[in-house]
Peer 1: 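This structure is in structure tokens; I'll ask about it shortly.
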Amino acid sequence: MSEFRSKCYKELIKVPKGKVTTYSELAKAVGTKAVRAVGTAMAKNEKLIEIPCHRVVKSDGSIGQYASGQAKKIELLLEEGVPVENGKVANFKEFLHLF
DNA sequence: CATCTGACACAGA
DNA sequence: GTCTGTGCCAGAT
């Protein structure tokens with residue numbers, strides 16, 4: 001577990017249920033410009049339960065990828081009250097959580 | 001709309 | 001210790 005990853009997770013768990021954030025915002029929150037590095041950290045995530053990576057979407061509201069499958073990610077989001085249409089979060093900016 | 005480039009952590013050689 | 005390829009991407013072209 002590296003510092004970097006810990007930060008990513010720490011920031012991520014600040015996102016309340018029913019809201020989402022973007023890889024960009026998350027990257028800024030942890031102090032890096034490499035949103036891809038954040039993605040990598042998430043991909044290596046082992047605590048799929050503790051770390052709600054499904055609350056992280058791309059900058060345009062697209063769902064992006066997910067370790068357990070995009071479909072699963074969408075399900076979880078809907079489950080938390082985040083509307084998803086055609087693989088994208090509807091009005092995602094209204095559900096976007098800024099740090 | 002399809003690509004390319006940028007930025008960076010991390011695992012494997 | 002360095003090099004290379006890869007990754008739940010963004011922004012520009």
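A note on names: the letters A, B, ... follow the listed sequences, proteins ahead of strands, and every chain is numbered from 1.
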Peer 1: In whole angstroms, how far is the C1' atom of dA9(B) from the OH atom of Tyr9(A)?
Peer 2: 11 Å
Peer 1: Check Asn91(A), Val57(A), Thr22(A) against Leu96(A) for a side chain to side chain contact (heavy atoms under 4.5 Å, CB included) and give me the one that passes.
Peer 2: Thr22(A)
Peer 1: Give, for atom CD of Glu25(A) and atom CG of Leu12(A), the distance between the pair rounded to the nearest 0.5 Å.
Peer 2: 13.0 Å
Peer 1: Just verifying a value: how many Å separate Ile74(A) CD1 and Glu85(A) CD, rounded to the nearest 0.5 Å?
Peer 2: 11.0 Å
Peer 1: What distance, rounded to whole Å, do you find between the two P atoms, one in dC8(C) and one in dT5(B)?
Peer 2: 22 Å
Peer 1: Heavy atoms under 4.0 Å is the rule here; annotate nucleotides 2-9 of chain C 5' to 3' with B where the base is hit, S where only the sugar-phosphate is, and - elsewhere.
Peer 2: -----BBB
Peer 1: Rounded to whole angstrom units, what separation is found between the NZ atom of Lys28(A) and the C1' atom of dA7(B)?
Peer 2: 15 Å
Peer 1: Would you call Glu80(A) and Lys19(A) a salt bridge, taking side-chain N to carboxylate O under 4.0 Å as the test?
Peer 2: no
Peer 1: Taking all non-hydrogen atoms of both residues into account, name the closest pair between Leu77(A) and His54(A) and its distance.
Peer 2: CD2-O, 3.1 Å
